[in-house]
Amino acid sequence: MRAIDFHVHLPTPEWLDVSMKGYIEAAESYFRSKVVRRTIDELAGDYEAIDVMAVLLAWDAETATGRPRVPNEVVAKACREHPKTFVGFGSVDPLKGDFAVVELDRIVSLGLKGVKLHPSLQAFRPDDERFWPLYERCEELGLALLFHTGTSGIGAGQPGGQGIGLDYARPIRLDAVAAAFPSLNVIAAHFGYPWHLELLAMALHKTNIYIDISGWAPKYLPPEVKREVGKRLSGQTLFGSDYPFISLDRWFAEFDELGLSEEARQAVLVGNASRLLGL
């Protein structure tokens with residue numbers, strides 16, 4: 001396999017035009033790319049054609065946004081129908097309390113490998129100990145936790161950022177989580193820009209913190225991130241595209257120009273993700 005894309009949103013109308021209604025236009029402007037709607041089968045064909053496995057992400061931010069979720073069952077069904085191409089992460093809304101914790105068992109029964117959380121859109125602070133039972137259950141079940149960190153293309157360039165607070169997604173808020181749950185794999189998506197130095201320090205300090213470099217064309221990665229991805233953090237870095245917002249062809253072409261060693265390159269593209277997903 002060429003790579004495992006650890007950050008793939010569903011390009012379906014159900015997510016783009018319902019769950020994300022009113023947000024997509026700002027994201028398209030931020031990423032300078034038009035989002036193309038695709039069916040699950042078309043998405044599978046796209047990834048099969050380039051020999052890349054995709055980690056599909058469910059979505060639940062109902063409490064904060066009032067918008068319908070993308071059910072975990074939808075992602076699980078896609079993975080069942082395309083088992084060689086898709087692996088799935090479920091999602092829960094932490095503000096749903098005990099319901100969110102109970103849903104984790106359902107996520108495992110569906111065969112999903114982890115949980116995607118978006119503190120900015122879900123309007124919760126990851127280091128609030130009210131959410132410790134959620135993390136504890138993820139640790140017990142062996143579910144990895146993928147957090148959105150840093151700025152957000154959603155709401156970017158809009159008055160008030162469409163009401164989305166960035167402070168929820170500061171990487172340092174994951175430090176207490178990783179410290180309290182050392183067997184829990186904590187993945188910080190988008191490397192926490194503009195607080196990426198915080199995240200690099202945390203990952204160098206705690207081996208259960210991983211960095212997903214999705215959402216950025218490789219040539220625009222900050223120099224500190226480029227340096228550590230190729231050296232000290234090559235074993236804790238994951239390739240992700242943030243599809244459908246980033247073109248895969250562009251991403252691979254620019255990644256090849258970073259000059260990483262072959263060992264680091266393979267770890268970032270395939271090896272680290274394979275280990276985390278138990279493939």
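It should be emphasised that the depicted structure is a prediction, and the values quoted were computed from it without experimental measurement.
Proximity of a side-chain donor or acceptor of Q236 to a complementary backbone N or O of I209 within less than 3.5 Å is detected. The closest donor-acceptor contact from the side chain of S91 to the backbone of K116 lies under 3.5 Å. At least one donor-acceptor pair closer than 3.5 Å links the side chain of S120 to the backbone N or O of G165. Judged purely by atom type and a 3.5 angstrom limit, D60 uses its side chain to pair as donor or acceptor with the backbone of E62. Put simply, the side chain of R275 gets close to the backbone of G235: a donor and an acceptor are under 3.5 Å apart. In this structure, the side chain of S214 does not engage the main chain of G240 through any donor-acceptor pair within 3.5 Å. Counting only distance, with no hydrogens or angles, the side chain of Q122 and the backbone of V92 share a donor-acceptor pair below 3.5 Å. In terms of modelled atom types and a separation under 3.5 Å, the side chain of S274 and the main chain of G271 share no donor-acceptor contact. Although no hydrogens or angles enter the test, the distance criterion places no donor-acceptor pair under 3.5 Å between the side chain of T237 and the main chain of S234. Of the possible donor and acceptor atoms, one in the side chain of H148 sits under 3.5 Å from a partner among the backbone N and O of T151.
A salt bridge links E254 with R250: the distance from a Lys NZ or Arg NE/NH1/NH2 to an Asp or Glu carboxylate oxygen falls below 4.0 Å. Comment: D46 engages R38 in a salt bridge, judged by a side-chain N to carboxylate O separation of less than 4.0 angstrom. Using a 4.0 Å cut-off between charged side-chain N and carboxylate O, E103 and K96 make no salt bridge. Using a 4.0 Å cut-off between charged side-chain N and carboxylate O, K84 and E48 make no salt bridge.
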Exercise for the section: Could you walk me through whether T85 and M53 pass the side chain to side chain contact (heavy atoms under 4.5 Å, CB included) test, one step at a time? Expected result: CA-CA 5 Å; T85 307; M53 177 172 276; 6.0 Å; no
Exercise for the section: Please test N272 against Y210 for side-chain hydrogen bond (donor to acceptor under 3.5 Å, both in side chains), starting from the C-alpha separation and ending with a verdict. Expected result: CA-CA 9 Å; N272 300 332; Y210 288 79; over 6 Å; no
Handout entry: Worked check of side chain to side chain contact (heavy atoms under 4.5 Å, CB included) between E73 and R106
Key = CA-CA 9 Å; E73 290 79 6; R106 173 72 176 155; 3.1 Å; yes
Exercise for the section: Check the pair E224, L197 against side chain to side chain contact (heavy atoms under 4.5 Å, CB included), reporting the backbone distance first and the verdict last. Expected result: CA-CA 8 Å; E224 299 89 351; L197 295 183; 3.7 Å; yes
Exercise for the section: Test V8 against F89 for side chain to side chain contact (heavy atoms under 4.5 Å, CB included), laying out the working first. Expected result: CA-CA 10 Å; V8 180; F89 269 41; over 6 Å; no
Practice task
Dump the intermediate steps for side-chain hydrogen bond (donor to acceptor under 3.5 Å, both in side chains) on D242 and H9, then the final yes or no.
Solution key: CA-CA 7 Å; D242 212 9; H9 296 288; 3.1 Å; yes
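Relative ring orientation between F239 and W251 is described as tilted, the plane-to-plane angle lying within the 30° to 60° band. Ring planes of H196 and F191: perpendicular class, angle over 60° (limits at 30 and 60°).
Connection of V102 to L145 is not established within any shared hydrophobic cluster, with ILVMFWY side chains joined at heavy-atom distances below 4.5 Å, either directly or through further cluster members. When hydrophobic clusters are built by joining Ile, Leu, Val, Met, Phe, Trp and Tyr residues whose side-chain heavy atoms come closer than 4.5 Å, directly or via intermediates, I164 is grouped together with Y193. The hydrophobic cluster containing Y220 also contains I211, counting ILVMFWY residues as joined when their side-chain heavy atoms lie under 4.5 angstrom apart, directly or transitively. Connection of W195 to V229 is not established within any shared hydrophobic cluster, with ILVMFWY side chains joined at heavy-atom distances below 4.5 Å, either directly or through further cluster members. Residues Y168 and L134 do not share a hydrophobic cluster, defined by chaining ILVMFWY side chains whose heavy atoms lie under 4.5 Å apart.
Rounding to the nearest 0.5 Å gives a distance of 5.0 Å between CG of L233 and CD of E228. Taking OG from S241 and CZ from F252, the interatomic distance works out to 8.0 Å, rounded to the nearest 0.5 Å. Atoms CG and OG1, on L117 and T149 in that order, are 12.0 Å from each other to the nearest 0.5 Å.
Checked against ring pair (Phe, Tyr, Trp, His ring centres under 6.0 Å), F124 has the following partners two or more places apart in sequence or in another chain: F131.
Side-chain contact between F86 and L43 is present, with heavy atoms from C-beta onward closer than 4.5 Å. At least one side-chain heavy atom of R265 sits less than 4.5 Å from a side-chain heavy atom of E262. Within the 4.5 Å cutoff, the side chain of L104 has heavy atoms near those of the L143 side chain. Two residues are said to be in side-chain contact when any heavy atoms from C-beta on lie closer than 4.5 Å; D93 and R69 fail this criterion. Taking 4.5 Å as the limit, every side-chain heavy atom of L110 sits out of range of all side-chain heavy atoms of K77.
Shown here for L199 and G192, the closest heavy-atom pair between the two residues is CD2-N, 4.1 Å. Taking all atoms of both residues into account, the shortest heavy-atom contact from I154 to H118 is CD1-NE2, 4.5 Å. Residues K226 and L221 come closest through the heavy atom pair CE-O, 3.1 Å. Of all non-hydrogen atoms in C138 and V115, the two that sit nearest each other are SG-CG2, 4.2 Å.
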Donor-acceptor pairs are to be reported for all side-chain atoms of residues 171-189 against protein atoms at under 3.5 Å, with residues two or more places apart or in another chain.
from : atom 1 : to   : atom 2 : distance (Å)
R173 : NE     : D167 : O      : 3.0
R173 : NH1    : D127 : OD1    : 3.0
R173 : NH1    : D127 : OD2    : 3.2
R173 : NH2    : D167 : OD2    : 2.5
D175 : OD1    : K206 : NZ     : 2.8

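Atom CZ of R232 has 12 or fewer neighbouring heavy atoms from other residues, nucleotides or ligands inside a 6.0 Å radius. Residue-environment remark: CD (E140) exceeds the threshold of 12 foreign heavy atoms within 6.0 Å.
A donor-acceptor pair shorter than 3.5 Å can be found between the side chains of D5 and Y47.
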